[in-house]
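Working notes, structure below.
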Amino acid sequence: MFSAIKTLHQGVDVCINNAGLARPEPLLSGKTEGWRTMIDVNVLALSICTREAYQSMKERNIDDGHIININSVLGHIYQCAKQAHFYCATKHTVTALTEAIRQELRELKSHIRVTSISPGLVETEFAYRCFENDPSIAATLYKSIKCLDPGDIANAVLYALGTPPHVQVHEMIVRPTEQAN
């Protein structure tokens, strides 16, 4: 992917790590395959894309780039439904990785910024994919409150990107007004 971007667009100036998935796999009875998939997508893919985006910026002397991790409010709380415990752990890892990236960039005296945007409940296909065996769970979840829509998160991304170069929005939690946690 990054090779194609280099060929078509010379490189990456902004990287938005937006891939994420959940599997309803509790800690004490979940399947290893589901856990591995969550780690591969939510942690490893984010880390690889971040590294490759940074290398692209470095090769081209881009010192004002931006890396944005679309995280989750569940990466900041400790009380989630049991089927989401492992997913929450991957999102807590994203929170820690975002801070680690910020620290490494500071050590390098880079002005590349890193932001974590942590949405609450956004009405997308996410819950339907998580509960593909019982889509009524997702439908009930999305009907329970007035959810965010993807445009709300796009606006958060635009806000972070639009700040002056000396301002780093490191963490942004965006929840529906009615969401309890």
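Side chains are part of it too, since the values below use all heavy atoms of this structure and drop only hydrogens, waters and symmetry mates.
- Using a 4.0 Å cut-off between charged side-chain N and carboxylate O, E99 and R102 make a salt bridge.
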Using the side chain to side chain contact (heavy atoms under 4.5 Å, CB included) rule, take I68 and C15 through it: C-alpha gap first, then chi angles, then the decisive distance, then the call.
CA-CA 6 Å; I68 298 178; C15 175; over 6 Å; no
Practice prompt. Check step by step if side chain to side chain contact (heavy atoms under 4.5 Å, CB included) holds for T177 and K146.
Written response: CA-CA 8 Å; T177 304; K146 171 71 174 139; over 6 Å; no
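- The shortest distance between side-chain heavy atoms of E171 and H76 falls below 4.5 Å.
- One hydrophobic cluster holds both L74 and Y142 under the rule that ILVMFWY side chains link at heavy-atom gaps under 4.5 Å.
- Hydrophobic clustering keeps I67 apart from V14 (ILVMFWY residues linked when any side-chain heavy atoms are closer than 4.5 Å, directly or through intermediates).
- Taken from OG1 in T115 to CD1 in I70, the straight-line distance is 9.5 Å, to the nearest 0.5 Å.
- Counting only distance, with no hydrogens or angles, the side chain of Q168 and the backbone of H170 share no donor-acceptor pair below 3.5 Å.
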*How far apart are the C-alpha atoms of C80 and H85, what are their side-chain angles, what is the distance that settles it, and do they pass the side chain to side chain contact (heavy atoms under 4.5 Å, CB included) test?*
CA-CA 6 Å; C80 6; H85 284 156; 4.1 Å; yes
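- When all heavy atoms of A22 and Y87 are compared, the pair lying nearest together is CB-CD1, 3.5 Å.
- Hydrophobic clustering places I117 together with L148 (ILVMFWY residues linked when any side-chain heavy atoms are closer than 4.5 Å, directly or through intermediates).
- Side-chain atoms of S29 never come within 3.5 Å of backbone atoms of E25 as a donor-acceptor pair (strictly under, hydrogens ignored).
- Q55 and E59 are not linked by any side-chain donor-acceptor pair at a separation below 3.5 angstrom, with hydrogens and angles left out of the test.
- Contact record, T95 with G75: OG1-O, 3.1 Å, taken as the closest heavy-atom pair.
- Checked options D40, N42, N71; the residue passing with T90 is N42 (criterion: side chain to side chain donor-acceptor pair (under 3.5 Å)).
- Q79 is not listed as a side-chain neighbour of N181, based on a closest heavy-atom distance of 4.5 Å or more.
- Shown here is R106, whose CZ atom has more than 12 heavy atoms of other residues, nucleotides or ligands within 6.0 Å.
- Scanning all heavy atoms of the two residues, the minimum distance from P150 to E123 falls at CD-O, 3.8 Å.
- In this structure, CZ in R129 is found 9.0 Å from CZ in R23, a value given to the nearest 0.5 Å.
- The minimum heavy-atom distance linking R113 with V167 is given by the pair NH1-O, 2.6 Å.
- When all heavy atoms are compared, the tightest approach of C130 to P24 is O-CD, 3.2 Å.
- Partner of Y159 under the side chain to side chain contact (heavy atoms under 4.5 Å, CB included) criterion, chosen from T163, N155, V157, L161: T163.
- Remark: S118 OG to R175 CZ distance equals 9.5 Å, nearest 0.5 Å.
- In this structure, a donor-acceptor pair under 3.5 Å is present between the side chains of N69 and T98.
- Here the side chains of S56 and I5 are not in contact, with every heavy-atom distance at 4.5 Å or above.
- In terms of heavy-atom proximity, L121 sits nearest to Q179 at N-OE1, 2.8 Å.
- Around atom CZ of R60, more than 12 heavy atoms belonging to other residues, nucleotides or ligands sit under 6.0 Å away.
- A single hydrophobic cluster is seen to contain both L21 and F86, as judged by linkage of ILVMFWY side chains at heavy-atom distances under 4.5 Å, directly or through other members.
- Atom NZ of K91 is separated from atom CG of L97 by 10.5 Å, given to the nearest 0.5 angstrom.
- When side chains are defined from C-beta on, I112 does not count as touching H66, because their heavy atoms never get closer than 4.5 Å.
- The distance from the CE atom of M38 to the OG1 atom of T93 is 11.5 Å, given to the nearest 0.5 Å.
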ask   = Please walk me through it: do V94 and L46 pass side chain to side chain contact (heavy atoms under 4.5 Å, CB included)?
value = CA-CA 8 Å; V94 171; L46 176 141; 4.0 Å; yes
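- F131 is listed as a side-chain neighbour of Q83, based on a closest heavy-atom distance under 4.5 Å.
- Remark: the backbone N or O of H111 is paired with a side-chain donor or acceptor of D63 at under 3.5 angstrom.
- When hydrophobic residues (I, L, V, M, F, W, Y) are linked wherever their side-chain heavy atoms come within less than 4.5 Å, the members clustered with I48 are L44.
- In the hydrophobic clustering of this structure, V122 groups with M172; members are Ile, Leu, Val, Met, Phe, Trp, Tyr whose side-chain heavy atoms approach within less than 4.5 Å, directly or through other members.
- Here D64 contributes atom CG and S110 contributes atom OG; the two are 9.0 Å apart, rounded to the nearest 0.5 Å.
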